[in-house]
Amino acid sequence: MRAEVLLPVGCALGEGASAVNASEFWFVDIRAGQVHRASVDGSTAMHAQFDHTVSAVVPTMTGEVVVAGRQDVKILGEPNAVLTVPETDRNIRLNDGKADPIGRFVVGSMAEPVRSSAGSLWSISNGECSKIVDNVTISNGLCWSADGSTMFYIDTPTGHIDAFDYDLATGKVSERRTVVTIEATHGSPDGMTIDADGGLWVALWDGSAVCRYLDGRLDQVVDIPTPFVTSCTVVGTKLVVTTAREPNPDDPFSGHVFVADIGIEAPLPHSVDRDLVFESAKP
């Protein structure tokens, strides 16, 4: 299966694809500090512009929008609804982030330039940030099983998709194990989403593809006509894929958003519970 260009946007570093409903999705351009809302009919509008990197965008259960900035997490338009992740190194920035099944915000970090084991995975609730995975190099794909008992996670340089037992009551993880190993010649795992059958769709950086893994085995491949594939989400039955222009600016397809009809549905991503996450924040 081969994806086609949906939005010829040429993002420096497109990321954070996340379905809103059966026809719309969010994505960001990390380097440009832009948050976009778009439709699978090919329309797009910039939702917000920042003067810093922005790596993830997630709706709340009550309709607001949560954005991960360089080292903080905020609700758009609410100056008091800001939480700073306690990374002490100014060269560390936030990367991929999503809501967990009960509405916590879970977000990873990485150093720039990339430095081994400098990042972490953070869980944010009750106005506090708790580190749930440490010694991370490039924190990327996140998703949960249908019952919420398993969290799937990617630290890109490992070449693995790992699974953790996930405690919904506390947001803590345990029993880490590798469920998929991706050969380096196929690319490096980046963003990830899960479909209604439990299939894991993984964007492959420098791999020109999004691959579906079912029960730990490669099940489908969607070819992307540019190498640096960054994230994916399922909108209706359409796989929407972001890419990056930065490493390959002369490629005419780099940085565009792509789409392929995979014929498989997926649950909508979880939403942030603003009262749970921003306990002390007031509108």
Side-chain angles (χ1 to χ4, degrees), residues 1-18 27-32 53 55-56 91-97 108-119 121 136-143 152-162 178-194 199-213 216-234 239-260 262:
M1 190 182 302
R2 187 171 177 86
E4 299 177 347
V5 174
L6 175 65
L7 302 170
V9 286
C11 291
L13 184 53
E15 256 288 7
S18 181
F27 70 99
V28 302
D29 185 339
I30 292 178
R31 298 289 182 229
T53 60
S55 59
N91 293 316
I92 292 178
R93 68 162 176 85
L94 299 181
N95 204 41
D96 207 354
S109 63
M110 59 178 286
E112 283 189 333
V114 174
R115 194 166 72 249
S116 179
S117 303
L121 185 67
V136 172
T137 300
I138 303 177
S139 189
N140 259 314
L142 274 169
C143 57
F152 299 98
Y153 179 60
I154 291 170
D155 179 2
T156 292
T158 68
H160 297 160
I161 304 172
D162 287 344
T178 296
V179 293
V180 175
T181 298
I182 298 168
E183 297 294 333
T185 54
H186 296 164
S188 300
D190 199 316
M192 175 172 56
T193 194
I194 191 167
L200 298 171
W201 294 86
V202 181
L204 294 181
W205 177 266
D206 202 16
S208 301
V210 175
C211 290
R212 181 184 193 241
Y213 297 90
R217 297 181 177 88
L218 179 63
D219 177 69
Q220 292 190 44
V221 178
V222 177
D223 293 324
I224 311 296
T226 191
F228 297 101
V229 186
T230 54
S231 74
C232 56
T233 191
V234 179
L239 183 74
V240 172
V241 181
T242 59
T243 65
R245 187 183 73 245
E246 266 186 351
N248 197 13
D250 295 329
D251 180 344
F253 293 106
S254 65
H256 294 346
V257 176
F258 295 83
V259 65
I262 56 174

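Please read these numbers as outputs of a predicted model, since none were measured by experiment. The chain is numbered in sequence order, starting from 1.
- Using a 4.5 Å heavy-atom threshold, the side chains of Ile138 and Trp205 count as separate.
- Residues Leu204 and Cys211 have side chains in contact (heavy-atom distance under 4.5 Å, counting atoms from C-beta outward).
- Using a 4.5 Å cut-off on side-chain heavy atoms (C-beta onward), Val222 and Phe258 make no contact.
- Side-chain contact of Ser231 with Thr242: a donor-acceptor pair under 3.5 Å is present, judged by distance alone.
- Looking at Val202 and Tyr213, their side chains come closer than 4.5 Å, going by heavy atoms from C-beta outward.
- Using modelled atom types, one side-chain atom of Ser55 and one backbone atom of Asn95 make a donor-acceptor pair closer than 3.5 Å.
- Of the possible donor and acceptor atoms, one in the side chain of Thr230 sits under 3.5 Å from a partner among the backbone N and O of Gly14.
- A 4.5 Å side-chain heavy-atom check between Phe27 and Leu7 finds at least one atom pair inside the cut-off.
- Using a 4.5 Å heavy-atom cutoff, the side chains of Ile194 and Trp201 are not in contact.
- Asp96 places none of its side-chain heavy atoms less than 4.5 Å from the side chain of Met192.
- Side chain of Asn91 to main chain of Ala111: no donor-acceptor pair is present (N/O by atom type, distance under 3.5 Å, no hydrogens or angles).
- Contact record, Ala17 with Val240: CB-O, 4.4 Å, taken as the closest heavy-atom pair.
- Heavy-atom neighbours of Glu4 CD from other residues, nucleotides or ligands within 6.0 Å: at or below the threshold of 12.
- A donor-acceptor pair is defined here as one N or O able to donate and one able to accept, closer than 3.5 Å; no such pair exists between the side chain of His160 and the backbone of Thr181.
- Formation of a donor-acceptor pair under 3.5 Å by the Ser109 side chain with backbone atoms of Leu94 is not found in this model.
- Taking the side chain as every heavy atom from C-beta outward, Arg93 and Ile30 approach each other to under 4.5 Å.
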Verdict with supporting geometry, Asp219 and Arg212, salt bridge (charged side-chain N to carboxylate O under 4.0 Å, His left out): CA-CA 5 Å; Asp219 177 69; Arg212 181 184 193 241; 2.7 Å; yes
